[in-house]
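Only one structure is covered here, and it is reproduced in the block below.
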2 protein chains.
Amino acid sequence: MRISEASAKSGLSADTIRYYEKSGIVPPIARGPDGLRRFSPENLEWLTLLYWLRKTGMPMKEMQRFASFYRQGEATVPQRRDLLLKHEQRLQERRADLARCEEVLSYKLAAYDRIEGNRS
Amino acid sequence: MRISEASAKSGLSADTIRYYEKSGIVPPIARGPDGLRRFSPENLEWLTLLYWLRKTGMPMKEMQRFASFYRQGEATVPQRRDLLLKHEQRLQERRADLARCEEVLSYKLAAYDRIEGNRS
DNA sequence: GCCTTGACCTGGAGTGACTCCAGGCCGGTA
DNA sequence: TACCGGCCTGGAGTCACTCCAGGTCAAGGC
């Protein structure tokens with residue numbers, strides 16, 4: 001498939017995909033006889049994983065390490081697992097942030113309700 | 001209180017606080033006779049709110065609108081409430097992202113377990 | 001056969017939200 | 001008096017994109 005389809009299916013913009021390829025997070029994508037990128041299903045799976053990792057706050061440096069482990073083959077599975085476990089940790093922290101923010105918001109909204117209540 | 005204390009209590013770095021003041025998200029902070037910023041308790045409450053809004057993904061443009069409503073006084077409470085409600089929406093979306101990512105991760109981790117299981 | 005359209009290419013500039021730093025001032029301590 | 005720590009300002013640097021100019025190529029319409 002070409003870049004527009006890979007973009008639609010992975011969630012990453014075409015620009016971001018090219019940028020990721022340049023930075024080595026995505027392996028060099030095969031080209032057709034026309035010089036355009038042709039994405040394999042494995043490429044797409046990789047992009048989709050990156051999309052979710054990035055969207056939930058994994059920094060690029062870490063994705064680069066992850067990608068380099070990936071390129072080194074199955075022997076690096078333990079290291080890759082560690083990175084993903086670390087990311088799960090991060091998800092926990094984010095969840096806690098969301099909960100804390102929710103509290104702050106409902107406190108603020110309640111204060112607004114009181115003001116509105118007094119005015120009307 | 002001075003900037004280091006405001007930073008420690010709000011969660012924002014001193015640099016970020018100064019940056020926010022420059023961009024008008026934080027009102028001009030009063031200065032002592034030495035020319036240093038002196039933060040009032042209200043200043044601190046505002047900073048803390050900004051910290052949580054920003055940390056959970058409110059863009060600066062929106063915080064600017066929020067700040068400008070705030071400067072216009074109580075008449076803008078409904079608009080401010082709308083912005084906060086919109087942000088609550090965003091929190092929901094983030095939560096969904098986290099959940100989806102969690103799924104992707106556990107799928108990947110399970111695949112790693114299978115590989116490791118076969119190897120040993 | 002030619003022209004237009006649209007998807008893609010590259011290299012490079014621009015953006016958002018910080019973050020860091022150089023160079024300077026000031027009040028307190030040894 | 002010399003130094004130190006905390007603060008100041010203006011400006012440069014960073015990260016992770018995002019946008020754009022200028023160009024190629026294949027397919028469809030006239």
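Naming convention: chains lettered A, B, ... in sequence-line order (proteins, then strands); numbering from 1 in each chain.
- Using a 4.0 Å cut-off between a side-chain N of Lys or Arg and a carboxylate O of Asp or Glu, A:Glu103 and A:Arg100 qualify as a salt bridge.
- Separation of the A:Trp46 and A:Phe66 ring centroids falls under the 6.0 Å cut-off.
- Using a cutoff of 4.0 Å between basic side-chain nitrogens and carboxylate oxygens, B:Asp15 and B:Arg18 are scored as salt-bridged.
- From the 5' end on, the contacts that DNA chain D makes with chain B at under 4.0 Å to a non-hydrogen atom open and close at D:dC7 to D:dT9.
- Under the side chain to side chain donor-acceptor pair (under 3.5 Å) rule, B:Glu62 has a single partner from B:His87, B:Arg54, B:Arg90, which is B:Arg90.
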Starting from the C-alpha separation in whole Å, work towards a yes-or-no answer on side chain to side chain donor-acceptor pair (under 3.5 Å) for A:Thr16 and A:Ser13. CA-CA 5 Å; A:Thr16 300; A:Ser13 77; 2.8 Å; yes

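- A salt bridge does not link B:Arg94 to A:Asp97: none of the charged nitrogens lies less than 4.0 Å from a carboxylate oxygen.
- Taking for each of B:Lys22 and B:Arg2 the nucleotide of DNA chain D with the nearest heavy atom, the 5'-most of the two is the partner of B:Arg2.
- At a threshold of 4.5 Å between non-hydrogen side-chain atoms, the residues A:Leu36 and A:Ile3 do not count as touching.
- Listed by residue number, the members of residues 24-43 of chain B with any heavy atom below 4.0 angstrom from DNA chain C form an empty set.
- Within 4.0 Å of B:Arg18, counting heavy atoms only, lies at least one base atom of the nucleic acid.
- Salt bridge status for B:Glu45 with A:Lys108: present, with a side-chain N to carboxylate O gap under 4.0 Å.
- In summary, the side chains of B:Lys55 and B:Tyr51 do present a donor paired with an acceptor at a separation below 3.5 Å, with no hydrogens or angles considered.
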Start with the C-alpha distance between B:Glu74 and B:Arg80, add both sets of side-chain angles, then the distance that settles salt bridge (Lys or Arg N to Asp or Glu O under 4.0 Å), and finish with yes or no. CA-CA 10 Å; B:Glu74 287 202 355; B:Arg80 284 186 260 160; over 6 Å; no

All N/O contacts under 3.5 Å from nucleotides 14-18 of chain C to the protein, with atom names and distances to one decimal?
| from | atom 1 | to | atom 2 | distance (Å) |
| --- | --- | --- | --- | --- |
| C:dA17 | OP1 | B:Met60 | N | 2.9 |
| C:dC18 | OP2 | B:Tyr20 | OH | 2.5 |
| C:dC18 | OP2 | B:Arg54 | NE | 2.9 |

